[in-house]
Structure formats: C-alpha cells, structure tokens
Amino acid sequence: METGIRADALAPGSPLPAVRALATELGVSPATVARAYQELRQRGLVVTAGRHGTRVRPRPPVAGRRAALHPPPAPGTRDLSQGYPDPRLLPPLGPHLAALAAEIGPPVGYASTALLPAFAEAARDRLAADGVPAEEITVTGGALDGIERLLAAHLRPGDAVAVEDPGWANLLDLVAALGLRPIGVPVDDDGPTEAGVRDAVALGARALVVTSRAQNPTGAAVSAERAGALRALLAGRPDLLLIEDDHAAELARVPLHPLAGATPAWAFVRSVSKPFGPDLRLAVLAGDEATVSRVAGRARVGAGWVSTVLQRLVLSLWRDPATAELVRRSGEEYERRRTGLLAALAARGLAGRGRSGINIWLPVPDETSVVTALRDAGWSVAPGALYRIGAEPGIRITVSALDDADLVPVADAVARALRPARPGRFTA
Ligand SMILES: Cc1ncc(COP(=O)(O)O)c(C=O)c1O
C-alpha cells in the first residue's frame, strides 16, 4: 500500500480493497490484512470511515513521486477549495529583500545563529500588545511545525489530543501521522464549546489545540466570554498541554482573547503565513519556560534553527508602516468578501458561518452531491469530510479568490446545488 501511495497508483482519497477480497487475492488470512490496515492507520496513511471503508488519507505522510504538494482543482473550475490567502493581498517581498541585501553583511557561520535579539524583542512586543505573556519565545518553521514539535515533545503515540470538530484538515493529518488519537470538540462561533472541552478532558485528552481566530473551516473566533469560561475550566490542570493557533494573526479583524497561561503547560503559536505570506515559513511560539525549552531544545538537535535571513526578512516586514497598512486593508477586504458571500447566501435562505478569516462553512445534508453540482457549475469547493470527525456535514468555501462580481453567481450556484432534485417527468 505504501509503495502504491508513493508511486501515485493509490491517490489521496482512493479506497483500499475490502479486507476479505485482498486476503483472498494475496492468499493470506483476513487477520493479516486487517493488521496491515491497522498499522497503516496508526502511521496516518489511511483512514477508516464507517461504511465508506478504508481510504488513503487526503495528505498521507508519504510523498507521491509526481503528486503536487497541493493538488490542482477540477479542470475548468474556479478554485474556492484551498483556504489560501489571496496572493494579490500579500505584501511584496522585493523591497524588503533589497533592503536586506544592502545591510546583511558577510555570510554567517553556525556560531552566529540564534533567535536574533531584535527579532525576539519585536515578537515579544507584538504578542504582549495582544495580552499574550511572551517572556519565553522561540521560532518555528510555521504554525504546524510548532504544533508538531509541541505534540511530539509532550505526547506519545496512542495518546489522545482534543481538536476542534470541524477543524483544520492538515492538523488532523498531522495528528494521524504522529500516531495520536483525535477527540473532536464541537465549535460554535465563539470557539470550542465548554461542554466539548470538558468531555475531551474527561476522555483523557493530553493536549488541546484551539484556533484563536479565523478557525478553519468555520471562521469561529474565541470570544472574551468563552475565553473566560475555558480558562476557568482548564485552570491549573497539570496534565493538559494547551496549544493556541493564532494563524490569522494581524489579518484578523476581531480581537484576540488568549487562553495562554491558563494551564502550567501552554504554548501560543502565531504564524506569519496568512498576513505576510505562507512561503516565509515562520511562526513565533510563546509558552511556559519548560514547554518553550523542549521545543527549542529539540529543534537544536534536529533542524537547528530558523534561518536568521528569514528572521531579518520578517522583522523588516513588521517594521514597515506601509506593510502594516497593506495587511490592515487586506483584512478589511477578506471581511468584505466573507460578509458579502454570507449575505448573498442568507438572501437565498442559506445560513452559513464565518465570523472571521478567509473561509465560510455551510451546513449541507449531502456533501458529495453539493460539491459535485457546484463543480459542474464551475466552482470547486471543499467537502466538509476533510475537516470532520463527528460534526454534521457541510462544505467550506474559501472567499480569497472571490471578486464582488462573483458573489451572486456563487450564491445562486450553491442555492441550485442544494435544491432537492425534482422527480423526472414520466414519458412513455
Ligand atoms: C488553522 C490553521 N493554522 C495554521 C495555518 C497556517 O500554518 P503555517 O504557519 O504552517 O503555514 C493554517 C493555514 O491554513 C490554518 O488554517
């Protein structure tokens, strides 16, 4: 199976043969095939979903030789499925690279690498301004790299981790690849629900991952009230690692209400991907002293550090008032597109969700039929199955690529896709 995935014979999402059929074909016992499937599942290569059988995960941790990192949308469709920021709204890097070229000085060796003091100071200031205690920080290769290091340092394969449901598909793939067990926590517009977090803790979750704002896929943002309730619920729990993912960061148009510090072991990860560009591959990670030390220490014996060239580049972006203004306007623009689409859907009687960020979530009774009908109408959207554990079905529509003129056609297409099929007229 692994060879099949590597050679692209088994594409992401493709079904594996039924256990009995494969056992007969290979001349082995069904128990042997079942064990092999279990191992593939534990390594995060496949997922078993009830009556849908066992399938290759959307992003198995084995790279196909020809498969692109990000597969293209269906041919001939506009892509509203990817959850990427709009490249037209990202700050240009050229002027900052040029300025860096002028000031960077001679090449540095291993001895001169570290968290740059000026970068660290700016990162601390930015976090402290949002109420995140940031005495201890380190830097990682993006939010997910930080989350991976945190989970690997604190948990062991088989441990349970509480994740939002629906929640970010890439996190679900990472949790599977680490051999961890996800426990779904329902999310409403104010973030993970109190009851959901309580249940997950009671079920033995060793870590909880919360998206601060622009939750993917629902757009939820942790409100002041929810933050207070969750802080009280988690207060002092020594056995739970609390991870916050503030991936929208400066792009978010809602205030941050952090949980940071509610538990003895905590980390707050802020990526630069959404406001400043995913290709920068950088996130700042704040936390308690022991947690930050584990992440930084483990990085030191592995990848080493995040290039000081990148740290300088991000610092240059942070310090530039024109870039700050551009990020502010980008945030406004995403909000306009999001609220515009939600209003167009509401006008057609459809209640979507999307308090913040670049996606909206629309509950639908049957994901496959809606995704297929929209594809036939020229729009690629993401089926909710990628993001769900036990949550109700839905679709995710990314608004990044939408222009004003698209809102009505998209809303019309969604409304048509959801209309129950009329029985065909009988003709003799
Ligand atoms: C919830 C969430 N976290 C983090 C990220 C970005 O992470 P990274 O910093 O690894 O690019 C995304 C991107 O879509 C996301 O949706």
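- Ion pair Asp239/Arg206 not flagged as a salt bridge, since none of the NZ, NE, NH1 or NH2 atoms sits closer than 4.0 Å to an Asp/Glu carboxylate oxygen.
- Around CZ of Arg348, the count of heavy atoms belonging to other residues, nucleotides or ligands within 6.0 Å exceeds 12.
- The closest donor-acceptor contact from the side chain of His247 to the backbone of Ala214 lies under 3.5 Å.
- Taking 4.5 Å as the limit, every side-chain heavy atom of Leu45 sits out of range of all side-chain heavy atoms of Met1.
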**Prompt:** So Val371 and Ile395, side-chain contact (heavy atoms from CB on, under 4.5 Å) or not? Walk me through it.
**Reply:** CA-CA 8 Å; Val371 170; Ile395 55 169; 3.9 Å; yes
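- With respect to Arg329 and Glu333, no salt bridge is recorded, no charged nitrogen being found less than 4.0 Å from a carboxylate O.
- Remark: the backbone N or O of Gly394 is paired with a side-chain donor or acceptor of Glu367 at under 3.5 angstrom.
- Checking side-chain atoms of Asp288 against main-chain N and O of Trp266 turns up a donor-acceptor pair under 3.5 Å.
- Atom CD of Glu332 is surrounded by more than 12 heavy atoms from other residues, nucleotides or ligands within 6.0 Å.
- Counting only distance, with no hydrogens or angles, the side chain of Arg231 and the backbone of Ala260 share a donor-acceptor pair below 3.5 Å.
- Annotation for Arg20: atom CZ does not count as buried by contact number, only 12 or fewer foreign heavy atoms lying within 6.0 Å.
- Arg270 places no side-chain N or O within 3.5 Å of a backbone atom of Leu127 that could act as its donor or acceptor partner.
- The CD atom of Glu325 lies 11.0 Å from the CG atom of Asp320; values are rounded to the nearest 0.5 Å.
- Between the side chain of Gln311 and the backbone N or O of Pro117 there is no donor-acceptor pair closer than 3.5 Å.
- In terms of heavy atoms, Asp245 sits closest to Ala143 at OD1-CB, 4.0 Å.
- Two residues are said to be in side-chain contact when any heavy atoms from C-beta on lie closer than 4.5 Å; Arg281 and Ser273 meet this criterion.
- Under the 4.0 Å criterion applied to side-chain N and carboxylate O atoms, Asp145 and Arg149 are assigned as salt-bridge partners.
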**Prompt:** What's the verdict on side-chain contact (heavy atoms from CB on, under 4.5 Å) for Tyr84 and Asp79, showing C-alpha distance, side-chain angles and the deciding distance?
**Reply:** CA-CA 10 Å; Tyr84 302 155; Asp79 191 7; 5.8 Å; no
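- In terms of modelled atom types and a separation under 3.5 Å, the side chain of Arg355 and the main chain of Val222 share no donor-acceptor contact.
- Gln82 contributes no side-chain N or O that, together with a main-chain N or O of Thr398, makes up a donor-acceptor pair within less than 3.5 Å.
- Contact of the Leu89 side chain with the Ser400 side chain is not registered, since no non-hydrogen atoms from C-beta on lie closer than 4.5 Å.
- You'll find the side chain of Leu418 reaches within 4.5 Å of the side chain of Leu362, heavy atoms only.
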**Message:** Assess the residue pair His257 and Arg226 against the criterion (side-chain contact (heavy atoms from CB on, under 4.5 Å)); give the C-alpha distance rounded to whole Å, side-chain angles, the decisive distance to 0.1 Å, and a yes or no.
**Reply:** CA-CA 9 Å; His257 298 291; Arg226 184 64 50 80; over 6 Å; no
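- Taking a 6.0 Å sphere around CG of Asp279, one finds it holds 12 or fewer heavy atoms contributed by other residues, nucleotides or ligands.
- The existence of a salt bridge linking Asp188 and Arg353 is excluded, since no basic side-chain nitrogen approaches an acidic carboxylate oxygen closer than 4.0 Å.
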**Prompt:** Does the side-chain contact (heavy atoms from CB on, under 4.5 Å) test come out yes or no for Leu93 and Leu317, once each step is laid out?
**Reply:** CA-CA 8 Å; Leu93 298 183; Leu317 286 158; 3.9 Å; yes
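- Put simply, the side chain of Arg124 gets close to the backbone of Glu135: a donor and an acceptor are under 3.5 Å apart.
- Panel note: side chain Tyr37, backbone Val46; no donor-acceptor pair is recorded below 3.5 Å.
- Considering only heavy atoms from C-beta on, Leu178 stays 4.5 Å or farther from Leu155 through its side chain.
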